[in-house]
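See below for the structure under consideration.
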Amino acid sequence: MKLGTKLIVSFLLVGILPFSVIALLSLNKASDTLTMQAYNQLTAIQAIKTSQISNYFTERMGDASVLAGNPAVAEALENFSAAFEAENDKVGGDLWNAVEEEYSEWLTQYNNEYGYYDLFLIHSDGAICYTVAAESDMGMNATGSVLSSSSLGKCFKNALNGVAMADFQPYAPSNGDPCSFVGAPVKKDGKTIGVVALQLPL
């Protein structure tokens, strides 16, 4: 190789090598910066989503608490329970139908306006005296049947002592879909007479 060529190659190497090193360092730093930005964005989104979910469930528990404190709910629960017991623990009898005609419209309206899948009135002994959706769980017992280990059964047991919630798990009466429930104790004269429960939409 001629001296001129060697000099040109040497100058190119001397010029290109630092440039390459600087380029690689810059690229690496830019990559780290982008990674950090993406991580920070995900962290911010996570915080927002956590807050949204927390607020959602807090509002649902508030709905159950307010509904349970409505005197009309206590009255409806008492009347449905009385009709249910009088007709040998069954729904659909003449007495039960008369009670349904009186209370079903506004209970259904509440359920639909607030966007719930179903609304339950459950006697303190676990008897499900009324539901808006009228699925196979209506007339069953939340503690003494296959529902005992379900999310509704767990919600009912805890809700006897205060506002409670049960996490999503498959629920047979709703085609085995994952269901979550929130419930609150219904009281009359300071005594818990049952539970009102709300089934969250999937």
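All residue numbers in this chain count up from 1 along the given sequence. Only heavy atoms go into these numbers, but all of them, side chains included; no hydrogens, no water, no symmetry mates. These numbers come from a predicted model, not from an experiment.
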- Message: Students often mix this up, so state it plainly: with edges at 30° and 60°, are the rings of Trp96 and Tyr130 parallel, tilted or perpendicular?
- Response: tilted
- In terms of heavy-atom contacts, does CD of Gln52 have more than 12 from other residues, nucleotides or ligands at under 6.0 Å? yes
- Criterion side-chain contact (heavy atoms from CB on, under 4.5 Å) on Asn79 and Phe84, from CA distance to verdict: CA-CA 8 Å; Asn79 290 339; Phe84 183 77; over 6 Å; no
- Using atom types as modelled and distance alone, determine if a side-chain donor or acceptor of Thr108 lies under 3.5 Å from a backbone N or O of Ser104. yes
- Is it true that a side-chain atom of Asp118 and a backbone atom of Ala133 form a donor plus acceptor pair closer than 3.5 Å? yes
- Message: Applying a strict under-4.5 Å side-chain criterion to I, L, V, M, F, W and Y, I'd like to know whether Ile48 and Ile53 cluster together.
- Response: no
- Residues Ser174 and Tyr117: closest non-hydrogen pair is OG-CE2, 3.6 Å
- Message: Under a 3.5 Å distance rule, please check whether Ser54 uses its side chain to pair with a backbone N or O of Thr50 as donor and acceptor.
- Response: no
- Task: Examine distances only and state if a side-chain atom of Asn111 and a backbone atom of Leu107 form a donor-acceptor pair shorter than 3.5 Å.
- Result: no
- Task: Could you tell me whether the side chain of Val186 reaches within less than 4.5 Å of the side chain of Leu121, counting heavy atoms only?
- Result: no
- Checking Asp137 side chain against Pro173 main chain: does a donor-acceptor pair fall under 3.5 Å? no
- Task: Taking the side chain as every heavy atom from C-beta outward, state whether Lys187 and Ile193 have any pair of such atoms under 4.5 Å apart.
- Result: no
- Query: Does any donor atom in the side chain of Tyr114 or Glu59 lie under 3.5 Å from an acceptor atom in the other side chain?
  - Reply: no
- Between the main-chain N or O of Pro71 and the side-chain N or O of Lys188, is there a donor-acceptor pair closer than 3.5 Å? no
- Main-chain N/O of Ala164 paired with Asn158 side-chain donor or acceptor, under 3.5 Å: no
- Message: If you define the side chain from C-beta out and look only at heavy atoms, does anything of Leu160 sit under 4.5 Å from Pro185?
- Response: no
- Message: Strictly distance-based, threshold 3.5 Å: is any side-chain N or O of Asn175 a donor or acceptor partner for the main-chain N or O of Asp177?
- Response: no
- Query: Do the side chains of Leu152 and Ile122 get nearer than 4.5 Å, heavy atoms only?
  - Reply: yes
- Item | Side-chain heavy atoms of Phe120 within contact of Val196, under 4.5 Å | no
- Is any side-chain heavy atom of Met165 closer than 4.5 Å to a side-chain heavy atom of Phe57? yes
- State, yes or no, whether a side-chain contact exists between Thr33 and Met36 at a heavy-atom distance under 4.5 Å. no
- Going through the checks in order, is the side-chain contact (heavy atoms from CB on, under 4.5 Å) test met by Phe181 and Tyr171? CA-CA 11 Å; Phe181 297 85; Tyr171 186 64; 3.9 Å; yes
- Task: Check whether more than 12 heavy atoms from other residues, nucleotides or ligands sit under 6.0 Å from atom CG of Asp94, and answer yes or no.
- Result: no
- Message: Checking Leu119 against Thr131 for the side-chain contact (heavy atoms from CB on, under 4.5 Å) test, could you report, in this order, the C-alpha distance in whole Å, the side-chain angles of both residues, the deciding distance, and whether it holds?
- Response: CA-CA 5 Å; Leu119 183 155; Thr131 81; over 6 Å; no
- Message: For a quick check under 3.5 Å, do Ser150 and Gln169 share a side-chain donor-acceptor pair by atom type?
- Response: no
- Verify the distance criterion only: is there a donor paired with an acceptor across the side chains of Ser124 and Lys191 at less than 3.5 Å? no
